[in-house]
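In listed order, ligands and their atoms are each counted from 1.
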Amino acid sequence: MKQYLLSIDQGTTSTRAMLFDENGKACYTVQKEFTQYFPHDGWVEHDPEEIWSTTLSVVIDALSKAKQDDVSVAAIGITNQRETTVIWNRATGKPIYNAIVWQDRRTADYCESLRAKDKESVVTAKTGLLLDPYFSGTKVNWILNHVDGAREQANLGELAFGTIDTFLIWRLTQGAVHATDATNASRTMLFNIHTQSWDKALLDLLEVPESLLAEVKDSSADFGVTSQALLGVEIPIGGVAGDQQAALIGQACFQPGMIKSTYGTGCFMMLNTGSQVIESKNRLLTTVAYRLNGVTTYALEGSIFVAGAAIQWLRDGIGIIDSAADSEKMAASLASNAGVYLVPAFTGLGAPHWDPDARAAIFGMTRDTGPAELVRATLESVCYQTSDLLNAMNGDGQAPLSIRIDGGMVQNNWLCDFLADVLDVDVERPQETETTALGAAYLAGLQVGIFDSINTIAKNWQSESKFKADMDESKRSLLLANWHKAVRKVTSHD
Ligand code: ADP
C-alpha cells in the first residue's frame, strides 16, 4: 500500500501544501498567496486567520488529490516562516492581534534600550542570537504591552503564544496541542539552546509570563493528530521545523561541515556544526539545526536580506530586464564585470555586517555602462555576499565540507558557476529543489517509520549539477578586494 507524506510550507508570502511519496519524490503542489500588511514604516503584519484559511484550503486540496490517487496520507510535516509571532486566547482560539512578521522592526528601540543596559551578551550566550527585533521575544512583549487587557489576561493564563508552526498545530488539532519544535523555539530569544528549555532569566528580562509558552518537542515527534471534525480524518502531525532548518534537512546536510545555501528573495546559509555550539566571533547566529531522539544538532547561520529581490528590482524597479531568467544570458554576454560593482543594501546589510543604515549603491560606472553591466554586477553581488558569509564561518573555525544550493535563483547557471568560482569551493544543485517542504516531509516520515534514520534520507539526496570552482586566485582576490572597497563605502562601521 503506497503512502504519501503531506508537507505544509507556511512561508512569508504564500502557503503551500506538497505531497511526497515514500522516496521523497514530489507528487503534487498547491499554493495560495495571502495579504501583507504594512501599517507603519518598518511594520509588517499578517492576518493569522488568513494564514489559517490558506493553510486549511491547501491541505484540503492536497488531501483530495491523495484520495483521487487512492493513496493514504501517513503523516503531516509543518515548516514555517520563522520568528513570526501570534498570541491567541486559549478559550476561543482567536488571535488578540495580527501576526507580527519576522521582518517587522517596531521593537528596534526596545532592543536598543536593552543593549544600553548591557543585556546583549547574556541574550547571545543563552540563545545564540543577537539582540534584534527579528526574533519573537520582543514582539511578544510588544503585543502584551499594546493590546488592551493583554497583560492581565496573560497573567491569568488565558493566552497562548506561538510561532506559526505552533498556531497551525493548535488549529489543526482544534486546540488539543500547544507545542513547537526545538528549531522554532531557538528563534524566539526566550529559549536556552544549551539547556534546551525556556529560560527563566530571559522570560523575566522580556516580561513574558511562562503560562504563554508551548511545549518544546523534537523536530520529529508526536504533535497530535488532525481533528476528525475539521478534516474528516485523523492524520498524525509528525514533523516540525523552521523553514531554513527544514531546507538543511531537505538537502540532507547531516554531517558537520555541510552547508546549504538558499537563494530566494534573500539568501540564508546554514552550516551544520554537529553537537558543537559555536559562539560566532563574526556576528553569525548560532541556532538549533534539528533535534532528533533528544539529541540536538547545532548550526551557524548567516542571512543576506537581498538576493533575488535585487533581480526583482532590476525587473520591476528600473525595468532593465523583462524576466528574472533574462539575467543569465545578459551576464554571460560580458567578458568581465568592467569594474562595475553593486552593493544591494536596499534594506541595510545583514550578516556579517549587520548595518541597518547602509543603503544600496553602484560603483565604477563609465559612459559605456549599460543594462548588462548592471545585471552582472547584481548577480555578482549575491556571490560576493555569500563569500563574506563563508569567510565569517571560516573565521569561526569552520571549513566547509560541501555546499548545496537551492531556491528560485539557482536556476541561473551563470550565477551558480560564478558562485563556485568566488567561493573557491564546488557547489552542488540537487534534483529536488523544493528542499524546505521536503525537509518537513522527511521529519514527518521519520516519526511514522517511513524512513528509519537520517542515513536513509541522506541516500535519497541526488545531485543534479556540480559547479566547479576554477577561477585563478589573483582574479578572485582582485574581485573580492574591489567588492570590499564598495561595501566599505556604504557601511557606517566596517
Ligand atoms: P522566495 O521563496 O523567497 O519567494 P524563490 O525561491 O521562489 O523565493 O525565488 C524567487 C527569487 O529568485 C525572485 O527574487 C527572483 O527574482 C529570483 N529568480 C528566479 N529565477 C531567477 C533566475 N533565472 N536568475 C536570477 N534570479 C532568479
Side-chain angles (χ1 to χ4, degrees), residues 7-18 26 29-36 44 46 51 54 58 79-84 101-103 164 242-248 250-251 260-270 303-334 342 344 346-347 350 360 371-372 374-386 404-419 427 429-430 432-440 464-465 467:
S7 181
I8 300 173
D9 180 359
Q10 204 303 302
T12 308
T13 57
S14 72
T15 307
R16 286 196 300 170
M18 286 186 78
T29 304
V30 50
Q31 178 163 355
K32 275 213 146 109
E33 293 199 0
F34 56 85
T35 320
Q36 310 287 315
V44 189
H46 295 155
I51 286 184
T54 54
V58 295
T79 179
N80 55 290
Q81 51 167 321
R82 302 176 303 174
E83 299 101 8
T84 298
V101 179
W102 57 274
Q103 296 149 321
I164 296 296
D243 52 9
Q244 301 311 320
Q245 282 89 343
L248 188 81
Q251 286 274 32
K260 77 88 201 172
S261 201
T262 301
Y263 296 88
T265 308
C267 159
F268 295 87
M269 197 173 191
M270 200 173 258
S303 341
I304 299 167
F305 301 142
V306 171
I311 300 293
Q312 287 168 15
W313 174 75
L314 294 176
R315 189 193 60 192
D316 308 334
I318 58 171
I320 61 168
I321 53 174
D322 290 329
S323 74
D326 287 353
S327 63
E328 179 166 358
K329 53 180 185 306
M330 288 172 81
S333 73
L334 301 177
L342 180 145
F346 297 101
T347 54
L374 295 184
V375 167
R376 178 155 171 159
T378 305
L379 289 175
E380 287 193 359
S381 75
V382 173
C383 305
Y384 298 138
Q385 292 184 94
T386 309
R404 295 178 171 180
I405 53 173
D406 52 52
M409 278 194 102
V410 305
Q411 294 160 35
N412 187 319
N413 289 320
W414 187 89
L415 175 90
C416 301
D417 261 328
F418 192 78
L419 181 65
V427 301
R429 186 170 64 193
E432 179 54 71
T433 52
E434 291 299 343
T435 55
T436 306
L438 177 60
E464 182 260 346
S465 293
F467 300 89

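Protein heavy atom in closest approach to atom 27 (C) of ligand 1: A324 CB, 3.6 Å. Counting protein heavy atoms only, atom 24 (N) of ligand 1 is closest to N412 ND2, 3.1 Å. Protein heavy atom in closest approach to atom 14 (O) of ligand 1: Q312 NE2, 2.8 Å. Protein heavy atom nearest atom 8 (O) of ligand 1, with residue, atom name and distance: G264 CA, 3.4 Å. Regarding atom 10 (C) of ligand 1, its nearest protein heavy-atom neighbour is G408 CA, 4.2 Å. Shortest contact from atom 4 (O) of ligand 1 to any protein heavy atom: T265 OG1, 3.6 Å. Remark: minimum distance from atom 16 (O) of ligand 1 to any protein heavy atom is reached at G308 O, 3.2 Å. The nearest heavy-atom contact from the protein to atom 26 (N) of ligand 1 is M409 CG, 3.5 Å.
Each of N80, L248, T79 was scored for a side chain to side chain contact (heavy atoms under 4.5 Å, CB included) with D243, with one residue passing: T79.
A donor atom on one side chain and an acceptor atom on the other are not found under 3.5 Å apart for D406 and T433. Between the side chains of T15 and Q10, at least one donor N or O lies within less than 3.5 Å of an accepting N or O.
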**Message:** side chain to side chain contact (heavy atoms under 4.5 Å, CB included) for F268 and K260? Distances and angles first, verdict last.
**Reply:** CA-CA 8 Å; F268 295 87; K260 77 88 201 172; 4.0 Å; yes

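Across A310, A325, S323, heavy-atom proximity to atom 23 (N) of ligand 1 is greatest for A325.
Using a 4.5 Å heavy-atom threshold, the side chains of Q103 and F305 count as separate. Contact check for N413 versus R429: side-chain heavy atoms found under the 4.5 Å cut-off. The side-chain heavy atoms of F467 and L419, taken from C-beta on, include no pair separated by under 4.5 Å. Side chains of N412 and S327 form a contact here, defined as non-hydrogen atoms less than 4.5 Å apart.
For ligand 1, the atoms sitting less than 4.0 Å from at least one non-hydrogen atom of S327 are 24 (N), 25 (C), numbered in the order shown with element in parentheses. Within ligand 1, the atoms closer than 4.0 Å to a non-hydrogen atom of A309 are 14 (O), numbered from 1 in the order shown. With ligand atoms numbered from 1 in the order given, ligand 1 contributes 16 (O), 26 (N) to contacts under 4.0 Å with heavy atoms of I311. Numbered from 1 in the order shown, with element, the atoms of ligand 1 that lie under 4.0 Å from a heavy atom of G407 read 6 (O).
Within the 4.0 Å cut-off (strictly below), no protein heavy atom is located near atom 2 (O) of ligand 1.
Residue contacts with ligand 1, taken as heavy atom pairs separated by less than 4.0 Å, do not involve A307 at all.
Between W313 and F346, the ring-plane angle classifies as tilted under the 30° and 60° cut-offs.
For E328, the closest heavy-atom approach to ligand 1 does not fall below 4.0 Å.
Considering all non-hydrogen atoms of both residues, I164 and Q81 come closest at CG1-CG, 4.0 Å.
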